[in-house]
Amino acid sequence: MLEADFWLNKDKAQAVIKEIATLKEELAGVGKYDKGDAIMTIFSGAGGDDAEDFSAILLRMYRKYCDAHGWGVSVLHSHENDHGGYRNITIEISGKNVYGTLKNESGVHRLVRISPFNSKQQRHTSFSLVEVIPKFEKANTASIEIPDKDLEISIAKSGGPGGQNVNKRETAVRIVHIPTGLSVHVTTERSQGQNKEKALDIIKAKLYKRTEDERKAKEKGMQISSSTDIEWGNQIRSYVLHPYKMVKDHRTEVETSQVDKVLEGEIEEFLEAEKNL
């Protein structure tokens, strides 16, 4: 009887161990890119100089955070205006656990302040969209195939800070995934082929992120829209500088009046709360 109980308990233990191993594999699959690098793009919403300045403020905030953690930041593409703001900018962030740390920063961010571009000193609301996707290596993208007919690829001349070769060679590459409308623009590599290769990797990462978002939404019984409008009602976080000071995340309810510190890159409390999203 004792021997039978022993083998019965052993079978149960093995079943539990197997179930735990399966769960670990599933979890590893869900967060398999969390330990790697990330690609972040910041898009300005409507609002002209104010919105584009807000994008520059967000970029500086994330750069400060990255610097404090010893992460590397390089620009892949930027569309800058005459006032130092950005219509859009894409950066690559390299370091330990970058994607896992920043992935939930994706969404619409809202700024309320007295506009520095308004002569009447009126309060203005600006919106910017932050998109964070994992950086895919060759091994990651090999299994993801996109039919050529689904891609629209265009070539343009790369701009730059100056020099003999600026605007003389058509090396910049823009790729649009036609079924979803997802797009990417890469200008930093030396050759057209290198820019195209990196752009394809980023498109594949965008599709991966979209699939993950759809999976999470399905688990929560929600529907995900095909696009996110960069406007009121969609914001995940608000940064209020006037008439009072407060930063509030609308998903986690975390808030602080230390706006200046947040904009200097001290966003740890928001990132910690996001881990449970």
Side-chain angles (χ1 to χ4, degrees), residues 38-62 65 79 81 85-91 99 101-113 115 117 122-134 176-177 179-185 202-203 205-256 259 262-263 267 269-277:
I39 306 291
M40 174 183 285
T41 302
I42 303 174
F43 304 90
S44 297
D49 288 336
D50 278 288
E52 291 163 13
D53 187 55
F54 181 35
S55 290
I57 290 171
L58 289 174
L59 175 66
R60 183 175 182 274
M61 180 184 78
Y62 289 120
Y65 181 82
H79 190 174
N81 66 20
Y86 294 96
R87 291 178 176 84
N88 59 74
I89 182 166
T90 300
I91 59 175
Y99 179 63
T101 302
L102 296 177
K103 63 183 180 181
N104 288 320
E105 286 295 287
S106 293
V108 176
H109 295 241
R110 167 179 169 254
L111 173 69
V112 180
R113 63 174 175 173
S115 171
F117 304 100
Q122 294 179 328
R123 190 170 64 178
H124 189 88
T125 300
S126 306
F127 298 91
S128 290
L129 173 67
V130 175
E131 177 192 67
V132 184
I133 61 174
V176 178
H177 183 250
T180 61
L182 295 172
S183 66
V184 64
H185 196 160
I202 295 174
I203 278 290
K206 281 176 177 276
L207 289 170
Y208 164 81
K209 178 66 164 57
R210 183 185 177 87
T211 300
E212 280 293 281
D213 290 344
E214 289 174 345
R215 178 187 61 78
K216 290 179 181 178
K218 186 176 181 180
E219 287 177 354
K220 295 178 180 180
M222 300 166 56
Q223 286 189 339
I224 185 169
S225 61
S226 58
S227 63
T228 300
D229 293 327
I230 313 175
E231 61 184 24
W232 184 276
N234 292 321
Q235 69 269 12
I236 63 167
R237 187 178 302 149
S238 293
Y239 307 74
V240 182
L241 303 182
H242 183 83
Y244 54 87
K245 289 195 171 186
M246 183 184 71
V247 181
K248 179 175 181 177
D249 193 290
H250 302 289
R251 303 163 299 172
T252 62
E253 300 300 321
V254 170
E255 62 180 67
T256 177
V259 179
V262 171
L263 296 180
I267 57 175
E269 62 180 318
F270 295 102
L271 299 179
E272 282 296 318
E274 288 171 9
K275 290 180 179 179
N276 296 319
L277 291 176

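The shown structure was predicted, so the numbers you read here are calculated from the model rather than taken from an experiment.
- Ion pairing between a basic and an acidic side chain is recognised when a charged N comes within 4.0 Å of a carboxylate O; R237 and E255 show no such pairing.
- Salt-bridge formation is detected for the pair K248/E253: a Lys NZ or Arg NE/NH1/NH2 atom is positioned less than 4.0 Å from an Asp or Glu carboxylate oxygen.
- Remark: I236 engages H109, R251 in a side-chain contact (heavy atoms from CB on, under 4.5 Å) (not counting sequence neighbours).
- Among residues two or more places apart in sequence or in another chain, the ring pair (Phe, Tyr, Trp, His ring centres under 6.0 Å) test is passed with H185 by H77.
- Atoms CD1 and OG1, from I91 and T41 in turn, are 8.5 Å apart once rounded to the nearest 0.5 Å.
- Residues passing the ring pair (Phe, Tyr, Trp, His ring centres under 6.0 Å) test with F54 are Y239, sequence neighbours excluded.
- Annotation: the span from Y99 atom OH to I133 atom CD1 amounts to 8.5 Å, rounded to 0.5 Å.
- At least one side-chain heavy atom of P134 sits less than 4.5 Å from a side-chain heavy atom of Y208.
- In this view, Y62 satisfies the ring pair (Phe, Tyr, Trp, His ring centres under 6.0 Å) rule with no residue, not counting sequence neighbours.
- Shown here are the side-chain contact (heavy atoms from CB on, under 4.5 Å) partners of Q122, two or more places apart in sequence or in another chain: N118, K120.
- Under 4.0 Å is where a charged nitrogen must lie from a carboxylate oxygen, and between E131 and K206 at least one such pair does.
- Taking 4.5 Å as the limit, every side-chain heavy atom of Y86 sits out of range of all side-chain heavy atoms of E52.
- Under a 4.0 Å N-O distance rule, the pair E212/R215 qualifies as a salt bridge.
- Interatomic distance, CD1 of I203 versus OG1 of T180, reported as 6.5 Å (0.5 Å rounding).
- Ion pairing between a basic and an acidic side chain is recognised when a charged N comes within 4.0 Å of a carboxylate O; K218 and D213 show no such pairing.
- Taking 4.5 Å as the limit, some side-chain heavy atom of I57 sits within range of a side-chain heavy atom of L263.
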Intermediate values then yes/no, side chain to side chain contact (heavy atoms under 4.5 Å, CB included), L207 and H177: CA-CA 9 Å; L207 289 170; H177 183 250; 3.7 Å; yes
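- Not a single salt bridge (charged side-chain N to carboxylate O under 4.0 Å, His left out) links E269 to another residue, sequence neighbours left out.
- Considering only heavy atoms from C-beta on, V184 stays 4.5 Å or farther from T90 through its side chain.
- Taken from CG in L241 to NZ in K245, the straight-line distance is 6.5 Å, to the nearest 0.5 Å.
- R123 pairs by the side-chain contact (heavy atoms from CB on, under 4.5 Å) definition with V112, I114, H242, P243, not counting sequence neighbours.
- One finds the CD atom of E105 at 4.5 Å from the CD atom of E274 (value rounded to the nearest 0.5 Å).
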With side chain to side chain contact (heavy atoms under 4.5 Å, CB included) as the test, would you mind laying out the steps for I42 and N88 before giving the verdict? CA-CA 5 Å; I42 303 174; N88 59 74; over 6 Å; no
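- Considering only residues two or more places apart in sequence or on other chains, S44 meets the side chain to side chain donor-acceptor pair (under 3.5 Å) condition with S55.
- The minimum heavy-atom distance between V108 and N234, with the atom names listed, is CB-O, 3.7 Å.
- Judged as a side-chain contact (heavy atoms from CB on, under 4.5 Å), and not counting sequence neighbours, the contacts of V176 are E152, R174, S183.
- Between T256 and F270 the shortest side-chain heavy-atom distance falls below 4.5 Å.
- Annotation: side chain of T252 is in contact with side chain of L277 (closest heavy-atom distance under 4.5 Å).
- Contact annotation: the side chain of V259 never approaches that of V240 to less than 4.5 Å [non-hydrogen atoms, C-beta and beyond].
- Residues passing the side chain to side chain donor-acceptor pair (under 3.5 Å) test with S106: none are found, sequence neighbours excluded.
- Here the CG atom belonging to D249 is positioned 10.5 Å from the CD atom belonging to Q235, to the nearest 0.5 angstrom.
- Looking at residues two or more places apart in sequence or on another chain, you find no salt bridge (charged side-chain N to carboxylate O under 4.0 Å, His left out) involving D49.
- By the 4.0 Å N-to-carboxylate-O rule, E214 lies close enough to R210 to be salt-bridged with it.
- Side chains of F117 and D53 form a contact here, defined as non-hydrogen atoms less than 4.5 Å apart.
- For D50, the side chain to side chain donor-acceptor pair (under 3.5 Å) partners two or more places apart in sequence, or in a different chain, are S115.
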